[in-house]
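First the proteins, then the strands, lettered A, B, ... as listed; each starts at 1.
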Amino acid sequence: MPTWSGYDAQSFYDELIAPDGSPRPRAANLAQYLAALSPRQLKTRQDAANRAILEMGITFTVYNEGQNIDRAWPFDVIPRLIPADEWREIDLGLRQRLTALNMFIDDVYGEQRILSDGTVPREMIESSPDFRSECMGARPRHGVWAHVCGSDLVRDRDATVYVLEDNLRVPSGVSYMLENRGVTKRVFPELFQDQAIAPVDDYPSDLFDTLAALSPRPGDDPQVVVLTPGIYNSAYFEHAYLAQRMGAELVEGDDLVVGDDDRVYMRAVGGLTRVDTVYRRVNDTFLDPETFREDSILGVPGLMRAWRRGNVALANAPGAGVADDKLVYTYVPDMIRYYLGQDPIIQNVPSWRCSDSTSLDHVLENLAKLVVKPANESGGYGMLVGPHASAKEVAKFADLIRANPRNYIAQPTLALSTVPTVCAGVIEPRHVDLRPFILQAGDTAVTAGGLTRVALRRGSLVVNSSQGGGSKDTWVVYGGSS
Amino acid sequence: MLSRVAERTYWAGRYLERAENTARLVNTYGSLLLDLPAQAGVRWSQVLQIVAAEEAFAARYSGSAEKDVLEFLLADADNPGSIVSSLSSARENFRTSREVIPREGWERINELYLMGQRDLPRAVGQRRRFETLADCVSRCQQITGLLSGTMSHGDAYRFLRMGNYLERADMTSRVVDVAAATLARDDPTLARYENTLWMTVLRSLSAYQMYRQYVRRRIAADEVVGFLLADAQFPRSVAHALDALRRSVEAIARGEASLGVLDELQSQISIKRGSHMTGAELHNYIDQLQQGFGKVHTAISAEWFLRS
């Protein structure tokens, strides 16, 4: 029988293969199947996947590449497995977390109890660039502000799963989760017959239901639109994909207009048509040139006015990003205890706040061992991975931190878990993270698994597609015939 | 539906039709040139004339070598009218209106685009040209058929078809115009090949067989021109394309201005039925039709696409 004896994940936690070379729980089928493939057969599978991606037109967009703005999505055929019983815990943890985060945002823009009693420092919130004073006093339906959340999970050497960050502004990637499954079904149909893998196809319906539940005119056929910055945005593929799957209109800023009645309309062939919910994939500051950036051509003048009057729902609500500031992140476990009276089910990565002077000293002394992140950047931009950085970069970062401690947090460098990955025809371990998507309005829904992102370069920990990362299908596998 | 999406599906329809028509045209002329002796004076440059690209060509190439003309028409990404450019524009418009296009339709157009990128540069030489262009035509037809069979025949579909039909009417009239101009030269060598030339014209519009069923006599210029411009039943005739265009326009809310322009155009077409025109008269007449197509486009844009 073929084995995994040549596969060495070193001291990292491998999601598929245990250190003794045996498969993890529920992974026996897949491990056996893969080990039995010759390099040639493996290549045939990977080629078939690449071809399918090209033909299906699954793309992402890279900035500053002149004409070639549309790139095929980098995908690895070997799926990442999660046993269903383990997933159940994570699912509960994600629900708990988003519920607390939404209560927090609603509190910040409402009574501010948590700030008044000092559990979270008022100064930290009010100095956050993602705090929007324009949102004070707004009352979105169900008290929910972040309707679509993508939380990044990682597993450390000792198998503990941590939340690395919560993306509450305009998280992307879910279309790739859905497409990855489609490709894997084409490439490995036989594996789906032998075991129960949780389907992921419900997401567009769940998303539509979530958005429809926000409509200011309940009961009718709600008019839901997806607002995109346009075809040059890196996630345009996803915007079009979700609109298509939901049967919603895909609109750009100049397709919408706010009337004198403070309602939102779209410019349609038959004339102006009222819009109820805008699933906006445009950042807060570009939403409405009347309120935020005057130079925004992506937004809709008057949109904030219509939203504040309750005539249109915006998902996610403006201002929701106040809770995905990296510094605010360090308080999420406290929020869960404060609002829900529960212990967090999924842990935060232990973090040092550079705004705190004792922590700042510790961070500066140990900079070469730590990961330092700016408080509000996403996509892996502007961070320092100490162990992989030159002495010069470390010194430069020390200056940046000293100049603006509020803007940084530091975390130990986690030993991200690995998954077998096809690299130049050979199966090698590569580091992964996981981004599940959580939907919340009246009800909450969590994807089964999520988007597994993989750092394709050996030893690299950077999984972002904008920085050379790829992705994998993610299987939540039920027991029975493993 | 959104005005912006209406505009994109309309252009998707136009570019897809343009790619198909250009592929037909090049293939048929390639075959004609093999039949005619050099002194007949029919050259590849005539195809440039049909697609109204002589100036654009001259600006990028010197002389009119077959290789250059074919490169320009098939594979030159800097020529907005080349087949690769048309496919790329069609794909871009489908891609940016993906939410209203059935997924299979998008996948087929994407495949066609990839095929064009890969195969068209290699089809400039004679050896693979016919096969590649025939493949291109049949894939365009497949997409048209797939959309007809899987996409709701609502507004989005209607705009797509409007783009198809207007582009088709335009191309058919151009083909007729250039053929008539060639024969109007009154060249005795050419006169011997008149029959071959008209057969080529008919074939380039896939009209030969249908024409033979309609006119059971030796091919005659007047009748070919009448058939291609004014026959009500042949789907690539100008009359049929305008009629189909009209039905799409009528089914969409508003559209009075477009219908007004169409009324005028269609009454011009009915004049053509059965009448004889000299070469110069025909050229003038087609010139007016072309201006009419321009007006239809302007009316459609003004009624449905303008957003501010």
task: Please state whether the side chain, the backbone, both or neither of L54(A) comes within less than 4.5 Å of a heavy atom of chain B.
output: both
statement: Okay, V251(A) and chain B: the region with an atom under 4.5 Å from a heavy atom over there is both
field: Distance-only side-chain donor-acceptor flag, N311(A) / R305(A), under 3.5 Å
entry: no
message: Assess, by modelled atom type and distance only, whether the side chains of R246(B) and Q266(B) contain a donor and an acceptor separated by less than 3.5 Å.
response: yes
message: Could you check whether F305(B) and H297(B) have their ring centres less than 6.0 Å apart?
response: no
query: Do D119(B) and R128(B) sit within salt-bridge range, that is, some charged N less than 4.0 Å from a carboxylate O?
result: no
Between [X] and chain A, with a heavy-atom cut-off of 4.5 Å, which part of the residue counts as in contact: side chain, backbone, both or neither?
| X | value |
| --- | --- |
| I101(B) | backbone |
| R98(B) | both |
| F159(B) | side chain |
| R91(B) | side chain |

statement: One option among N110(B), L2(B), T96(B) has the most heavy-atom pairs under 4.5 Å with chain A, and it is L2(B)
- prompt: Between Y15(B) and E92(B), is any pair of side-chain heavy atoms under 4.5 Å apart?
  reply: no
- prompt: Any idea which of G57(A), A240(A), A243(A) has the most non-hydrogen atom pairs under 4.5 angstrom with chain B?
  reply: G57(A)
Could you tabulate the donor-acceptor pairs under 3.5 Å formed by side-chain atoms of residues 142-154 of chain B, not counting sequence neighbours?
{"from": "T144(B)", "atom 1": "OG1", "to": "C140(B)", "atom 2": "O", "distance (Å)": "3.0"}
{"from": "T150(B)", "atom 1": "OG1", "to": "L146(B)", "atom 2": "O", "distance (Å)": "2.7"}
{"from": "H153(B)", "atom 1": "NE2", "to": "S148(B)", "atom 2": "O", "distance (Å)": "2.7"}

